[in-house]
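Values below: all heavy atoms of this structure, side chains included; hydrogens, waters and symmetry mates excluded.
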Amino acid sequence: MTPIELRASLGLAGLYALRMLGMFLILPVFAVYAGKLPGGDNHTMVGLAFGAYGLTQALLQLPFGMWSDRVGRKKVIYIGLALFAVGSVMCAMADHVAWLIVGRAVQGAGAISAAITALLADLTREENRTKAMAMIGGSIASTFAISLVAAPTLAAWIGLPGIFLLTAVLAIAAIIGVRQIIPDPIISRFHSDAEISTTRLPAVLRHPQLLRMNYGVFALHAAQMAMFTVMPLLLTKLGGISLEHHWWVYLPVVLVSFVLMVPAVIYGEKKQHLKEVFIFAIGLMLLAQLGMALYMPNLTMIVVWLSVYFIAFNILEATQPSLISKIAPSDAKGTAMGVYNTCQSLSMFLGSAIAGWLYQQHGSVTAIFLLCAALMVIWLFFAAGMQPPLPVKTQMFRIGDNWAGDGQALSVKLVAINGVKEAVVLIDERVALLKVLQTGWDEAAARQLIEETAGLTTPSAP
């Protein structure tokens with residue numbers, strides 16, 4: 001990476017971390033503290049407040065990303081972070097759960113994930129984009145783990161309003177960081193591997209394998225939000241642990257799940273058993289949901305089922321993006337990820353809203369976890385019919401800026417090369433996208449062909 005690319009990648013990873021920290025910090029404590037507000041005895045309202053962020057995020061994520069193509073990445077990011085800060089202050093000042101719902105909706109309106117990804121693509125060369133995206137992914141995973149452990153103690157010190165005010169401060173710090181640290185792109189152009197294309201959207205929405213993945217992320221995060229809608233209450237009431245000590249449970253559970261997740265993912269990727277690992281993790285998630293629904297008499301069993309849950313969750317979180325990268329058409333990867341992320345945000349709203357309503361109606365968690373188990377049964381059915389993904393990776397070659405040849409003809413020649421499973425040349429973006437076998441493909445032949453035909457710069461593997 002060049003110094004500018006490294007600066008951009010680390011800076012945008014930090015931006016993601018600051019923003020996600022504000023969102024993740026409330027997960028383990030929201031249900032308890034929101035319940036103390038006027039109107040907090042209505043669990044339906046608490047569930048709506050918890051999930052309102054996801055609704056506006058789902059509605060605005062794709063429009064904000066496309067808007068950034070027209071008005072500029074940083075302008076959209078500034079607006080999104082400002083909305084997130086304003087919504088956080090509204091939540092901190094809320095004197096009724098109804099106002100908390102409004103504030104959470106305003107927070108979610110700052111839907112800038114797509115704009116950040118597009119800015120990252122503007123600031124990194126194709127051969128380094130995978131590393132940059134890995135930095136962002138690592139920052140999100142680390143922030144999630146830190147939040148689960150830190151939030152209960154932090155909430156005991158400053159309360160939920162204090163956490164929301166801290167979130168606003170972090171958003172303002174992120175605005176300053178974007179202005180002072182993140183470079184301005186010299187050229188801002190559309191990137192099929194990172195952004196949504198309206199022309200590719202119908203095909204992605206009809207793609208049977210991608211539809212399975214979209215349902216999967218919906219089920220996974222609906223169950224996550226449903227669990228966090230009631231788990232803090234369970235740890236306090238059934239487990240007998242005060243809120244500030246909930247980290248005693250989360251810390252060992254998260255550490256164990258991370259340790260066990262790594263070999264499972266490596267086995268799936270390296271041994272070409274990704275579908276089997278994927279289905280195993282869904283089955284493990286089903287077991288966790290059934291256990292929480294049918295047998296959770298004490299703190300020990302809460303810890304057991306949480307451990308099973310987080311092992312499955314971490315495996316699924318790690319493997320789903322990899323599966324989409326292998327399944328999605330080369331020129332529609334960004335579109336596929338955009339739809340996937342939208343489904344994830346929508347599930348956050350529905351999962352918490354329905355869980356709150358069920359808890360209000362029944363006064364127990366059994367119906368909530370049985371519903372989540374039903375989602376997993378459906379997911380198992382869909383996943384069983386999934387085609388095993390080919391052991392492929394994506395390679396990108398930059399073509400000459402002045403080349404004006406026949407992109408279709410070059411694509412046909414590229415796909416005839418040994419080990420190349422798919423090839424498309426995007427003249428407007430000045431790239432050739434190849435989906436190739438992870439081992440054994442003839443990179444030298446592809447390089448030579450593009451050198452002779454279109455003027456090669458450098459290959460990449462996003």
Side-chain angles (χ1 to χ4, degrees), residues 24-36 40-41 43 46-47 50 141 144-160 163 220-261 281 283-317 351-352 354-356 358-376:
F24 290 150
L25 277 174
I26 73 162
L27 285 180
V29 300
F30 186 90
V32 172
Y33 278 90
K36 298 176 182 178
D41 56 339
H43 295 286
V46 172
F50 196 26
F144 178 68
I146 291 170
S147 297
L148 288 182
V149 175
T153 301
L154 191 61
W157 291 346
I158 60 178
L160 189 62
I163 290 180
L220 180 65
H221 286 272
Q224 179 196 42
M225 293 298 286
M227 185 191 75
F228 277 115
T229 301
V230 296
M231 186 53 67
L233 303 175
L234 290 175
L235 287 174
T236 301
K237 296 178 180 179
L238 183 60
I241 303 178
S242 60
L243 186 61
E244 62 268 27
H245 294 139
H246 283 190
W247 68 270
W248 292 352
V249 172
Y250 291 127
L251 179 59
V253 162
V254 169
L255 289 177
V256 169
S257 66
F258 270 118
V259 169
L260 295 179
M261 173 268 290
L284 206 59
M285 179 64 74
L286 172 59
L287 176 64
Q289 300 298 333
L290 287 174
M292 291 178 185
L294 302 177
Y295 188 70
M296 201 159 51
N298 51 43
L299 179 60
T300 299
M301 292 313 300
I302 292 177
V303 172
V304 168
W305 297 127
L306 276 177
S307 300
V308 175
Y309 169 87
F310 275 109
I311 292 169
F313 180 86
N314 287 330
I315 294 173
L316 292 167
E317 276 285 271
S352 55
I354 294 173
L358 287 173
Y359 195 66
Q360 180 69 23
Q361 297 298 311
H362 300 282
S364 73
V365 300
T366 302
I368 296 171
F369 290 120
L370 284 177
L371 176 61
C372 292
L375 293 176
M376 300 308 145

A.B. asks: With sequence neighbours excluded, tell me which residues meet side-chain contact (heavy atoms from CB on, under 4.5 Å) with Glu317.
C.D. replies: Leu220, His221, Phe313
A.B. asks: Looking only at heavy atoms, what is the nearest atom pair of Gln360 and Asp41, with distance?
C.D. replies: OE1-O, 3.4 Å
A.B. asks: Distance from Ile311 atom CD1 to Met261 atom CE, nearest 0.5 Å?
C.D. replies: 10.5 Å
A.B. asks: Measure the CG-CG distance between Leu243 and Leu235 for me, rounded to the nearest 0.5 Å.
C.D. replies: 9.0 Å
A.B. asks: Are any non-hydrogen side-chain atoms of Val304 and Met296 less than 4.5 angstrom apart?
C.D. replies: no
A.B. asks: For Pro28 and Ala151, which heavy atoms make the closest approach, and how far apart are they?
C.D. replies: CG-CB, 3.8 Å
A.B. asks: Please find the pair of heavy atoms, one from Ala373 and one from Leu286, that lie closest to each other, and give the distance.
C.D. replies: O-CD1, 3.4 Å
A.B. asks: How would you list, by chain and number, every residue that makes a ring pair (Phe, Tyr, Trp, His ring centres under 6.0 Å) with Tyr359, sequence neighbours excluded?
C.D. replies: His43
A.B. asks: Identify each donor-acceptor pair in which a side-chain atom of residues 364-372 lies under 3.5 Å from a protein atom, sequence neighbours left out, and give them as a table.
C.D. replies:
none

A.B. asks: Does some side-chain heavy atom of Phe30 sit less than 4.5 Å from a side-chain heavy atom of Val46?
C.D. replies: yes
A.B. asks: With a 4.5 Å cut-off on side-chain heavy atoms, are Val249 and Leu306 touching?
C.D. replies: yes
A.B. asks: Only pairs at least two apart or in different chains count here, so list each side chain to side chain donor-acceptor pair (under 3.5 Å) that has a residue in residues 247-257.
C.D. replies: Ser257-Asn314
A.B. asks: Would you mind reporting whether Leu154 and Ile163 have side-chain heavy atoms less than 4.5 Å apart?
C.D. replies: yes
A.B. asks: Short question: side chain of Tyr33, backbone of Gly159 - any donor-acceptor pair under 3.5 Å?
C.D. replies: no
A.B. asks: At what distance, to the nearest 0.5 angstrom, does CE of Met285 lie from CG of Leu290?
C.D. replies: 12.0 Å
A.B. asks: Minimum heavy-atom separation for Pro232 to Val32, with atom names?
C.D. replies: CB-CG2, 3.7 Å
A.B. asks: Per the side chain to side chain donor-acceptor pair (under 3.5 Å) rule, what does the pair list look like for residues 225-239, sequence neighbours excluded?
C.D. replies: Thr236-His246
A.B. asks: Could you tell me which residues satisfy side-chain contact (heavy atoms from CB on, under 4.5 Å) with Gln361, sequence neighbours excluded, listed by chain and number?
C.D. replies: Trp357
A.B. asks: Please identify each residue that fulfils side-chain contact (heavy atoms from CB on, under 4.5 Å) with Leu255, with sequence neighbours left out.
C.D. replies: Leu251
A.B. asks: Using the side chain to side chain donor-acceptor pair (under 3.5 Å) criterion, which residues pair with His362? Sequence neighbours excluded.
C.D. replies: none
A.B. asks: Going by side chain to side chain donor-acceptor pair (under 3.5 Å), name the pairs with one or both residues in residues 285-304, residues two or more places apart or in two chains.
C.D. replies: none
A.B. asks: Are the side chains of Met376 and Leu287 in contact, using a 4.5 Å heavy-atom criterion?
C.D. replies: no
A.B. asks: Kindly indicate whether the side chain of Phe24, heavy atoms from C-beta on, has any atom under 4.5 Å from the side chain of Ile146.
C.D. replies: no
A.B. asks: Of the non-hydrogen atoms in Leu160 and Ala34, which two are nearest, and what is the gap between them?
C.D. replies: CD2-N, 4.1 Å
A.B. asks: What is the distance from atom CE of Met301 to atom CG of Leu238, rounded to the nearest 0.5 Å?
C.D. replies: 11.5 Å
A.B. asks: Please round to the nearest 0.5 Å and tell me the distance separating atom OG1 of Thr153 and atom CD1 of Ile158.
C.D. replies: 11.0 Å
A.B. asks: Flag the pair Gln224 / Tyr309 as yes when at least one side-chain heavy-atom distance between them is below 4.5 Å, and no otherwise.
C.D. replies: yes
A.B. asks: Is the closest side-chain heavy-atom distance between Phe228 and Phe50 below 4.5 Å?
C.D. replies: yes
A.B. asks: For Ser307, check side-chain contact (heavy atoms from CB on, under 4.5 Å) against everything at least two apart and list the hits.
C.D. replies: Val253, Val303
